[in-house]
Every structure is written in structure tokens, then in C-alpha cells.
Amino acid sequence: KKVAIIGASHGGHQSILELLTRYGKDVDITLFEAGDFISFMSCGMELYLQDKVTDVTDVRNFRPENFPQENVHILANHEVTQIDADNKKLTVVDHIKEATNEFTYDKLILSSGVTPNALPLPGKELENIFLMRGYDWARKIKAKLEDDSVQNVTVIGTGYIGIEAAQVFAEAGRNVTIIDVIDRPLGTYLDQEMTDILRAELEEHGVHVVTGAKISEFSGSTSVTAVKTDQGDFPSDLVIEAAGVKPNTAWLTGTVELDQRGWIVTDEYLRTNLPDVSAVGDATLALSIPAGKKMPIALATVARREARYVVEHLFEEKPNVPFKGVVGSSALSVFDYQFAATGLNEFSAGRAGIPLKTDFYQDTLRPKYVPVEQGNSDVYVKLAYDEQTHQLLGGAVLSKAAITAQGNTLALAVAQQLTLEDLADSDFFFQPGFDRQWSLLNLAAQHALGEEP
Ligand code: FAD
């Protein structure tokens with residue numbers, strides 16, 4: 001059995017692990033990676049930029065030498081340019097030898113991921129306009145952090161990647177402006193009650209937050225000097241673009257079915273239109289359990305769960321179960337706050353056309369007799385649910401206390417399609433060193449049911 005994998009990131013890595021677990025030596029695995037550096041973990045980029053990792057070359061999912069098995073071949077600098085599905089053959093360009101080779105497979109797993117968008121604006125070719133993904137950009141951003149001539153930094157995009165970039169440069173004492181076309185920072189992850197709190201937190205830490213803005217141009221002669229918008233011009237020695245992504249699928253045009261925006265189309269078994277070719281990860285849309293449909297959920301967690309499912313059923317004619325889907329969960333620190341969000345929110349549900357009702361609950365984590373100095377903290381919970389059935393569709397927790405694990409509890413509730421009533425009296429522990437007589441999520445669900453907790 002010859003299995004080819006394209007892309008050495010989360011989807012590719014998980015595919016190798018699963019193949020070895022399930023088939024051991026009975027499978028021949030070849031992974032093709034177009035890039036030079038195998039499996040940089042962008043999720044760890046913020047920690048690297050903050051000097052909180054052992055070494056940049058350790059910030060990766062795996063090294064080729066982690067797979068010394070004779071039946072595993074990991075080929076960096078090998079870009080796959082074509083699939084010949086009739087003959088089950090790949091065309092592969094070896095960028096080191098500058099040679100083109102052919103490679104046959106029995107099964108093919110695509111995890112070719114995405115590339116950040118470079119906005120097609122006047123001045124886009126100026127120097128010091130950076131993207132934030134992968135090893136090379138990580139090194140370049142780090143060099144700018146260490147360059148004192150870089151004082152004004154403009155970040156485009158207030159998703160979690162943009163917030164990570166803004167935070168790193170603000171902590172390093174730079175003047176940071178973060179710009180978004182939508183009207184709230186982190187507005188695709190959290191509803192307004194929480195983004196209001198985080199906007200204030202960003203501003204308190206010196207980040208200039210500009211929302212609802214239209215960028216018209218990057219100005220400068222050789223290097224960028226300003227970002228022009230309809231809300232003014234922002235002086236910039238460095239621009240970091242974190243405003244959306246495009247799938248790495250142009251090379252598949254005409255062979256693998258793509259949707260209008262270039263995402264790989266997969267069926268309920270994560271199989272493409274080509275026989276024996278599956279696709280996982282950011283280059284595909286993910287089945288959202290609460291939405292009951294596919295939507296963009298670009299997370300490492302999703303790529304890994306999809307790869308696990310694909311390999312489990314790789315050699316079956318037709319799997320007996322479809323991929324069960326994901327909820328899509330993320331967590332982030334924003335200076336002194338941390339949040340975890342899962343499933344749908346008002347923004348993503350609106351986009352997916354899913355009606356939902358929400359409830360915002362605010363309280364203290366521990367009994368009121370515990371003062372803030374002893375670790376008590378304000379906590380905020382947002383729950384999203386179906387108005388008729390009360391099925392939980394999503395939610396978020398936010399606090400200065402360490403409560404992100406409660407986001408995972410909520411993720412489990414959403415995945416298991418529990419209701420507000422289930423969550424309202426789920427049996428969670430009580431110990432005043434950690435929580436209240438009723439735990440935070442119990443209280444939030446009771447509040448959503450109209451009770452006065
Ligand atoms: P990708 O990571 O996009 O990798 C695809 C790989 O395929 C690339 O290495 C590319 O070079 C290669 N490739 C593409 N085309 C070809 C070809 N034709 N031939 C050979 N090779 C090819 N997710 C989380 O869950 N938690 C986080 O905390 C988190 N933080 C993040 C922080 C940052 C800054 C960024 C950028 C992303 C973060 N993510 C996080 C998202 C996560 O990194 C992605 O969801 C995940 O990497 C997707 O994995 P993938 O396998 O689909 O593809």
C-alpha cells in the first residue's frame with residue numbers, strides 16, 4: 001500500500017501518525033512538502049516572538065528524523081504540481097535538484113493548507129509588508145522586533161493572528177495600530193459584549209484599534225511608510241497582514257473539484273471527486289456540528305481530527321460512518337485577559353444563515369467573600385442556543401482568571417448537542433478555592449433559562 005501525503009503541517013503530520021499506528025510496516029508513506037523547513041508550527045509563533053520557546057527550530061510539529069522508519073519518506077523542497085488520477089501518478093518538482101519526477105500512489109491525502117492574503121492594493125510591492133505564517137515569516141518578524149528603527153507597526157486584521165502580532169509588538173514597546181474592515185476586534189470569534197471588554201484592554205495597553213476602516217493604499221518609496229485608510233493615514237515602518245487566507249489549490253484546478261473560492265470540495269467521507277484522493281485541513285471547508293453544514297474553520301485541531309478519520313477509513317470501499325464534524329474551538333490571551341470560544345457566535349451564525357439566540361452572563365468566579373487579591377475575578381460567559389430546542393450551538397468564556405478549560409467543557413456540550421437544561425444542572429465540582437456552589441457554566445445556563453442564579 002503506497003500512501004502519498006501533500007503538506008507537512010498538522011494534517012500531514014497526523015496522517016503519518018495514524019498510518020503508522022494502524023498499519024505499521026504494511027504501508028509505504030511518502031510526504032511531499034514544498035517548503036524547506038519541515039513542519040513549522042505557526043500556532044507557536046507568538047511564543048517564539050516573545051522569547052518563550054527553546055529555539056525557533058524546535059517550534060514544529062515534527063522533524064524528519066522523528067520518523068526513522070524505512071517505510072516513511074519525508075521529502076522537503078518537493079512541490080507536487082499535478083495529479084494524474086487515471087494512472088494514480090503525481091508530478092513532483094524537486095526544488096533542490098531542479099528536477100521533475102513522477103511518483104505513483106494507491107491513496108493520496110491532500111493537506112496543502114492556505115497562504116495568508118496579501119491585499120492587492122497600490123504599494124503592495126513595497127518592502128516591510130509582511131505576512132504571519134510559517135518559518136520564514138517568523139524569522140523576518142523576529143528580526144524586526146529586534147530592530148529599534150522599527151517603531152510604528154501596523155497590523156491588518158483583528159482575528160487571533162493579528163491580535164497575537166499586535167500584542168507582541170506592543171509588549172516590545174512599539175507604537176501599534178491594528179486595523180480591520182469589520183466593526184469590532186476579534187469580531188468573528190466573539191460577540192460584542194466580549195469584544196468591548198477586549199477592545200478596552202487592547203487600548204489600555206497602548207494598541208490603537210481602528211475598526212470599520214477601508215484601506216486604500218500602502219505608501220512609501222522603497223519601504224512602506226504609511227497605511228492609508230478612510231479613517232486617516234497611519235505611519236508604518238512595518239506592516240503585518242493577517243487579513244484572511246487563500247487555499248493552496250491553484251495547482252489542482254481542472255483535476256480536483258474546487259468551490260468558487262478555491263476550497264477543495266469533499267464529501268461526507270472527506271473524499272474528493274477523484275478516486276482514492278482525500279483532503280483535510282485548512283484547504284477544505286469543515287463540517288460544523290452546530291451549523292450542520294460545512295464552513296471555513298481553519299484550525300490545527302480540525303486538520304488533525306479530519307486526518308485521523310481519513311486514515312481510519314482509507315482502505316475501505318465506503319466508510320460505514322461519515323466524518324462526525326467539529327465544533328471549532330479557539331483560545332487566546334489578550335494582555336491580562338484570556339478567552340475560549342467554541343461553536344457558533346452571532347457573526348458566524350449570521351454568515352452561515354443559522355438562527356440563534358444568545359445570553360450574556362457576568363459574575364465572579366468564586367464566592368463574593370473571596371477578594372480579588374486572593375484570586376477572585378470577574379467572569380463573562382456568552383451562550384448561543386437554538387430558541388426552540390435550547391440545543392447549545394456555541395459560546396465563550398472570558399476572564400482575567402484561568403478559565404479557558406471551561407471553554408472545552410462548553411465545546412463538549414456543543415459537540416454532544418446538549419441543551420441549556422442539561423448544562424444548567426450538570427454536576428460540576430464546587431470548591432471555593434476554584435469556583436462557586438454552582439459552577440460558572442451551570443450559572444450561565446440557568447441565567448439563559450431566565451432563572452436568577
Ligand atoms: P498548513 O498548515 O496550511 O500547511 C500546508 C503545507 O502544505 C505547507 O507547509 C505548504 O508548504 C504545503 N504545500 C502546499 N501545497 C503544496 C504542494 N503542492 N506540494 C507540496 N507541499 C505543499 N490553530 C489552532 O488550532 N490553534 C492555534 O493556536 C493556532 N494558532 C495559529 C497561529 C498562527 C500565526 C497561524 C498562521 C495559524 C494558527 N493556527 C492555529 C491555524 C493552524 O496553523 C492551521 O489550521 C493548520 O496549520 C492547518 O494545517 P494544514 O495541514 O491544513 O495546512
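In listed order, ligands and their atoms are each counted from 1. Reckoned from all heavy atoms, side chains included, excluding hydrogens, waters and symmetry mates.
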N/O donor-acceptor pair under 3.5 Å between Asn77 side chain and Asp94 backbone: no
Please check whether Asp282 reaches ligand 1 - meaning an N/O of the residue sits under 3.5 Å from an N/O of the ligand, judged on distance alone. yes
Please say whether Met132 places an N or O atom under 3.5 Å from an N or O atom belonging to ligand 1. no
Would you say Leu121 and Ile215 make side-chain contact, with heavy atoms under 4.5 Å? yes
ring-ring contact (aromatic ring centres under 6.0 Å, His included) evaluation trace for Phe339 with Tyr380: CA-CA 9 Å; Phe339 75 82; Tyr380 308 91; over 10 Å; no
Is the ring centre of Phe234 less than 6.0 Å from the ring centre of His208? yes
For atom CD of Glu316, decide whether the heavy atoms of other residues, nucleotides or ligands shown that lie under 6.0 angstrom number more than 12. yes
Determine, stepwise, if the pair Leu131 / Ile240 fulfils side-chain contact (heavy atoms from CB on, under 4.5 Å). CA-CA 5 Å; Leu131 304 173; Ile240 297 180; over 6 Å; no
Are Tyr269 and Phe323 close enough that their ring centres sit under 6.0 Å apart? no
Run the numbers for me: atoms of ligand 1, each under 4.0 Å from some heavy atom of Gly11, listed by number. 51 (O)
Does this structure show an ion pair linking Asp276 with Lys107, if we count only N-O contacts that are shorter than 4.0 Å? yes
So which protein heavy atom does atom 46 (C) of ligand 1 come closest to, and at what separation? His10 CD2, 3.6 Å
Who's closest to atom 19 (N) of ligand 1 heavy-atom-wise, of Leu31, Val280, Val80, Leu252? Val80
Taking 4.0 angstrom as the limit and counting only heavy atoms of Gly7, give me the atoms of ligand 1 inside it, by number and element. 6 (C), 7 (O), 12 (C)
Among all protein heavy atoms, pick the one closest to atom 33 (C) of ligand 1 and tell me residue, atom and distance. Ser42 O, 3.5 Å
May I ask you to identify, for Ile6, whether its side chain, its backbone, both or neither come under 4.0 Å of ligand 1 on a heavy-atom basis? side chain
Salt-bridge criterion met for Asp51 and Lys142 (N-O under 4.0 Å): yes
Name the closest protein heavy atom to atom 3 (O) of ligand 1, giving the residue it belongs to and the distance to 0.1 Å. Arg133 NH2, 2.9 Å
Here the atoms of ligand 1 under 4.0 Å from any heavy atom belonging to Gly281 are 52 (O)
Are any of the N or O atoms of Ser111 closer than 3.5 Å to those of ligand 1? yes
How about Tyr23 and Phe315: are their ring centres within less than 6.0 Å of each other? yes
Is a side-chain N or O of Ser39 found less than 3.5 angstrom from the main chain of Ala8, in a donor-acceptor match? yes
Ligand-side contact atoms (ligand 1) for residue partner Ala300, heavy atom cut-off under 4.0 Å: 23 (N), 24 (C), 25 (O), 42 (C), 44 (C), 45 (O)
The closest protein heavy-atom partner of atom 26 (N) of ligand 1 is Cys43 SG, 4.0 Å
Looking at Trp251, which atoms of ligand 1 are within less than 4.0 Å of one of its heavy atoms? 18 (N)
Glu33-ligand 1 polar pair, N/O distance under 3.5 Å: yes
If the cut-off is 4.0 Å to any non-hydrogen atom of Val114, which atoms of ligand 1 fall inside it? 3 (O)
Is Ile161 touching ligand 1 with its side chain, its backbone, both, or neither, if touching means heavy atoms under 4.0 Å apart? side chain
Using heavy atoms and a 4.0 Å limit, tell me yes or no: is Tyr160 in contact with ligand 1? yes
Short N/O distance, under 3.5 Å, between Leu299 and ligand 1? yes
Quick test of your reading of the structure: of Ala303, Gly328, Ser112, whose heavy atom lies closest to atom 5 (C) of ligand 1? Ser112
Distance from atom 21 (N) of ligand 1 to nearest protein heavy atom, with residue and atom: Ala34 N, 3.0 Å
Can you name the atoms of ligand 1, numbered from 1 with element, that are less than 4.0 Å from a heavy atom of Ala298? 41 (C), 45 (O)
Run the contact test for His78 against ligand 1 with a 4.0 Å cut-off on heavy atoms, strictly below, and give the result. yes
The atoms of ligand 1 lying under 4.0 Å from a heavy atom of Gly113, numbered in the order shown, are 1 (P), 3 (O), 5 (C), 52 (O), 53 (O)
Can you find an N or O of Ala8 that's nearer than 3.5 Å to an N or O of ligand 1? no
Is the Tyr189 to Tyr160 ring centre distance short of 6.0 Å? yes
With the side chain counted from C-beta on, respond yes when Pro235 and Thr225 share a heavy-atom pair under 4.5 Å apart, and no when they do not. no
Quick one: look up the protein heavy atom nearest atom 49 (O) of ligand 1 and list residue, atom name and how far away it is. Ser9 OG, 3.6 Å
Taking the side chain as C-beta and beyond, is there a heavy-atom pair between Glu346 and Lys382 under 4.5 Å? yes
Anything under 30° is parallel, anything over 60° is perpendicular, the rest tilted; go ahead and classify Phe37 against Phe40. perpendicular
